[in-house]
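See below for the structure under consideration.
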Amino acid sequence: MIAVYDSLNRRMTELVPQRPGHVSIYTCGVTPYDHTHLGHARPAVVWDVIRRHLMRRGYIVSYVQNFTDIDDKLIQRSRETGRSIESLAEEYIAEYHALTLELSVEPPDFAPRVSGNLDAIVDYIRRLIESEYAYSADGSVYFRVSRDPEYGRLSGRNLNDMREGFRIDPDPFKERAEDFALWKKSQVDEPGWESPWGKGRPGWHIECSAMARRYLGARFDLHGGGMDLLFPHHENERAQSRALLGGEPVSIWVHSGLITQGGVKMSKSLKNGVNVGALLERYSPHVVRTYLLSVHYRSPLDYDDARISEWGQGLARIERLWEEVRLAPPTQDLPEEEWAQELALFEERFLSTLDEDFNTARAFAVVFDMVAATYRGIESGRGEAARAWARRNLLVADSILGFLAPVKPATTDGYLADTLVERRNQARQEGNFQWADMLRDVLIQSGYEVLDGPHGTRLFRREDTHAKPTPKKQ
RNA sequence: GGCGACGUAGCCAAGUGGUAAGGCAGGGGUCUGCAAAACCCCUAUGCCCCGGUUCGAAUCCGGGCGUCGCCUCCA
């Protein structure tokens with residue numbers, strides 16, 4: 001059984017798909033008006049792991065993640081830069097795709113955009129007006145929040161409390177301050193799309209309700225997004241969907257923790273986001289990816305250069321083992337020893353850890369235990385069996401967590417390195433240790449770790465795992 | 001002001017009633033020409049503080065203190 005924490009009911013909930021064997025997921029994607037930062041990368045990576053794990057457990061997964069390509073921020077940015085909304089959106093969507101792909105995130109099954117779904121959105125709004133959950137006024141349409149007795153339940157607030165600190169929206173056409181826009185009338189200098197209510201654009205929340213319904217149907221299993229979307233975005237989405245469907249649109253609401261830096265939330269408006277493109281100049285993609293997985297997805301993650309480097313140190317331990325076992329032939333026989341049991345039980349331990357609310361932090365602990373057990377096996381003289389099982393286990397874990405660097409094609413660099421190792425070993429045999437140590441220094445400075453063992457010397461590429469050397473500041 | 005989350009070793013971080021996972025850093029040892037890697041051992045009698053419930057609490061309840069988030073665009 002797979003248990004997931006549900007934000008609506010505030011408890012762990014068994015995942016029981018609407019359609020047996022098939023899990024449908026919708027997550028709120030980004031508004032492509034600026035560069036991708038770590039706060040966007042986290043949900044992308046987290047949901048990638050969730051999808052992979054569900055598939056590993058035998059489910060067929062339908063995953064939809066939208067792009068909000070019609071939006072006030074985008075209009076504003078278009079004004080500032082003189083570029084079209086379309087070209088801005090295109091650029092940042094392409095960047096988002098490229099960067100998440102680098103982080104080994106598999107693309108969604110559908111990545112719908114607002115611009116391609118205006119018909120569904122308009123239709124959705126029309127139905128809400130028909131049922132009097134919404135009203136049009138002066139070319140805009142608003143949702144009548146007071147019609148939903150459960151409004152506020154998802155985000156844990158009630159309307160009376162909210163009215164206390166309510167910022168008064170100057171919009172005089174709303175019946176009540178808490179009503180929110182489904183359709184916003186275009187001002188004279190703003191771009192707009194035709195609708196039964198005149199030229200305008202959709203409000204932020206309606207798109208997700210409309211697209212989720214179009215791509216996944218009236219009810220689906222998991223709805224995700226950052227904690228910061230809980231209110232008002234998801235609260236409003238739920239209200240709309242309940243109004244149209246007469247019931248819950250979502251089985252389990254899933255919210256990922258925010259990324260902070262120095263304890264302050266990363267956000268576009270604060271301009272303190274860690275740019276993912278820039279980060280990947282300094283750290284390998286799988287280090288960045290797994291750093292995001294080193295903490296449970298619901299916990300806040302405080303980003304810090306020193307910590308991601310430290311995490312890279314730990315990851316190197318797993319990677320060294322992979323270097324050690326990647327070419328091991330398969331065997332079945334394991335001795336009756338404690339370490340061997342650990343290797344044999346690894347897969348089930350690992351997967352059942354992820355069954356409990358996708359606990360990647362604990363899953364990594366299971367991997368580290370397995371790494372240690374493998375070396376104990378090797379030290380105890382059963383290297384062949386230990387390597388074979390470690391190889392198999394690492395492939396299982398990697399298929400979900402994605403921590404192994406892609407295999408690099410052979411390069412002249414690698415050939416040179418091998419030659420240096422040969423020369424060094426020759427020097428060592430001749431007792432010329434000064435020369436041998438010099439050759440080793442050359443290799444280390446070229447980014448290799450030099451591992452001498454009873455069966456010869458192996459090289460391990462440090463730059464794959466550790467922080468890349470930071471260019472000296474002028 | 002309202003609502004919510006969190007506070008675990010030098011650092012990061014699991015753990016929701018049964019006697020503190022894992023990683024990094026550090027110390028001692030084994031192995032090694034040396035170094036690295038690896039292995040073995042050590043590093044929180046205690047989980048922000050004070051009470052309470054319980055045979056038993058990091059975990060539940062009450063009260064503090066602190067940090068953060070949402071209430072406005074935000075993953």
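Values below: all heavy atoms of this structure, side chains included; hydrogens, waters and symmetry mates excluded. Letters A, B, ... are given to chains in the order of the sequence lines, protein chains preceding strands, and every chain is numbered from 1. Note that this is a predicted model, so its numbers are computed, not measured.
Scored by the side-chain contact (heavy atoms from CB on, under 4.5 Å) test, A:P112 finds A:V64, A:N66, A:F110, A:N117, A:M211, A:Y215 as partners (sequence neighbours excluded). Scanning for side-chain contact (heavy atoms from CB on, under 4.5 Å) contacts around A:A373 gives A:W339, A:E342, A:L343, A:R376, with sequence neighbours left out. Residues passing the side-chain contact (heavy atoms from CB on, under 4.5 Å) test with A:T457 are A:V421, A:R424, A:N425, A:R428, A:V450, A:D452, sequence neighbours excluded. Taking A:E324 as the reference, A:R387, A:R458 meet the salt bridge (Lys or Arg N to Asp or Glu O under 4.0 Å) condition, with sequence neighbours excluded.
In this structure, A:H255 places its NE2 atom 23 Å from P of B:C68, rounding to the nearest Å. When the C1' atom of B:G33 is taken as reference, atom CE of A:M438 falls 18 Å away, rounded to whole Å. Atom CG in A:L301 sits roughly 15 Å away from atom P in B:G69 (whole-Å rounding). One atom, CZ of A:F67, and another, P of B:A75, lie 11 Å apart when rounded to the nearest Å. Between the C1' atom of B:G4 and the CG atom of A:L258 lies a distance of 12 Å, rounded to the nearest Å. Remark: P of B:G33 and CD of A:Q434 are 18 Å apart, rounded to the nearest angstrom. Atom-to-atom, CD of A:E207 to C1' of B:A75 comes out at 13 Å; the value is rounded to the nearest Å. The distance between atom CZ of A:R376 and atom P of B:A37, rounded to the nearest whole Å, is 19 Å.
Base pairing of B:C31: no nucleotide in any strand meets the Watson-Crick or G-U wobble criterion (both distances under 3.5 Å). With both pairing distances under 3.5 Å, B:G46 is matched to nothing as a Watson-Crick or G-U wobble pair. Nucleotide B:U67 forms a pair with B:A5, judged by Watson-Crick or G-U wobble geometry with both contacts under 3.5 Å. Shown here, B:U59 forms no base pair; nothing in the strands shown gives a Watson-Crick or G-U wobble contact with both key distances under 3.5 Å. Both distances falling under 3.5 Å, in either a Watson-Crick or a G-U wobble arrangement, occur for no nucleotide opposite B:A20. The partner of B:A25 cannot be assigned: no Watson-Crick or G-U wobble pair with both contacts below 3.5 Å exists in any strand. In this structure B:A37 sits in no base pair that meets the Watson-Crick or G-U test at under 3.5 Å.
Using atom P as the reference point in both B:A75 and B:C12, the two lie 27 Å apart (nearest Å). Look at the P atom in both B:A58 and B:U19: the space between them is 11 Å, to the nearest Å. B:U30 sits 26 Å from B:A21 when the C1' atoms are compared, rounded to a whole Å. Taking atom P in both B:U8 and B:C47, the straight-line distance is 11 Å, to the nearest Å. Taking atom P in both B:C49 and B:C65, one finds a spacing of 16 Å when rounded to whole Å. For B:G18 and B:U54, the C1' atoms lie 12 Å apart once the distance is rounded to whole Å. Across B:C6 and B:A13, the matching P atoms stand 14 Å from one another, rounded to whole Å.
The residues A:R113 and A:E90 are annotated as salt-bridged, a charged nitrogen and a carboxylate oxygen being separated by less than 4.0 angstrom. A:K185 and A:E190 are not joined by a salt bridge, as no carboxylate oxygen comes within less than 4.0 angstrom of a charged side-chain nitrogen. Taking 4.0 Å as the cut-off between side-chain N and carboxylate O, A:R201 and A:D71 do not count as a salt-bridged pair.
Backbone-only engagement by A:V295 is indicated by non-hydrogen atom pairs under 4.0 Å involving sugar-phosphate atoms exclusively. Contacts of A:G156 with the nucleic acid, taken as non-hydrogen atoms under 4.0 Å apart, involve only primed sugar atoms and P, OP1 or OP2. Residue contacts for A:D437: at a heavy-atom cut-off of 4.0 Å it reaches a base atom on one of the strands shown. Note on A:R387: nothing from the nucleic acid sits closer than 4.0 angstrom, heavy atoms only. Counting non-hydrogen atoms under 4.0 angstrom, A:H233 reaches nothing in the nucleic acid. No contact: A:G431 has no heavy atom under 4.0 Å from any strand. Contact annotation for A:S299: backbone-only contact, meaning every heavy-atom pair under 4.0 Å involves sugar-phosphate atoms and none involves a base. Counting any heavy atom pair closer than 4.0 Å across all strands shown, A:S256 reaches no nucleic acid atom.
Close to B:A35, at under 4.0 Å from its OP1 or OP2, lies no side-chain N or O of A:R440. Within the 4.0 Å cut-off from OP1 or OP2 of B:C70, at least one side-chain nitrogen or oxygen of A:K265 is found. Of the side-chain N and O atoms in A:R307, one or more sit less than 4.0 angstrom from OP1 or OP2 of B:C12.
Of the two residues contacting RNA chain B, namely A:I259 and A:R428, the nearest-nucleotide position lying further toward the 5' end is that of A:R428.
For residues 286-301 of chain A, every residue pair satisfying the salt bridge (Lys or Arg N to Asp or Glu O under 4.0 Å) rule, not counting sequence neighbours, is listed here: A:D48-A:R289, A:R298-A:D357.
For A:H255 and A:H234, the ring centers sit closer than 6.0 Å to each other. Between A:H97 and A:F67, the ring center distance clears the sub-6.0 Å criterion.
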Collect all protein-nucleotide pairs involving nucleotides 17-23 of chain B in which both atoms are nitrogen or oxygen and the distance is under 3.5 Å.
none

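Relative to the side chain of A:L229, the nucleotides B:C39, B:A75, B:G69 differ in distance, and B:A75 lies closest. Among the nucleotides B:A75, B:A14, B:A37, the one closest to any side-chain atom of A:H296 is B:A14. Distances from the side chain of A:E379 to the nucleotides B:A36, B:C39, B:A75 place B:C39 closest.
A stacked arrangement is not assigned to A:Y375 and the six-membered base ring of B:A38, the conditions of a centre distance below 5.5 Å and an interplanar angle below 30° not being jointly met.
Among all heavy-atom pairs drawn from A:A181 and A:Y142, the shortest one is CA-CD2, 3.9 Å.
For A:D452 and B:A37, a side-chain-to-base donor-acceptor distance below 3.5 Å is absent, hydrogens and geometry of angles not being considered.
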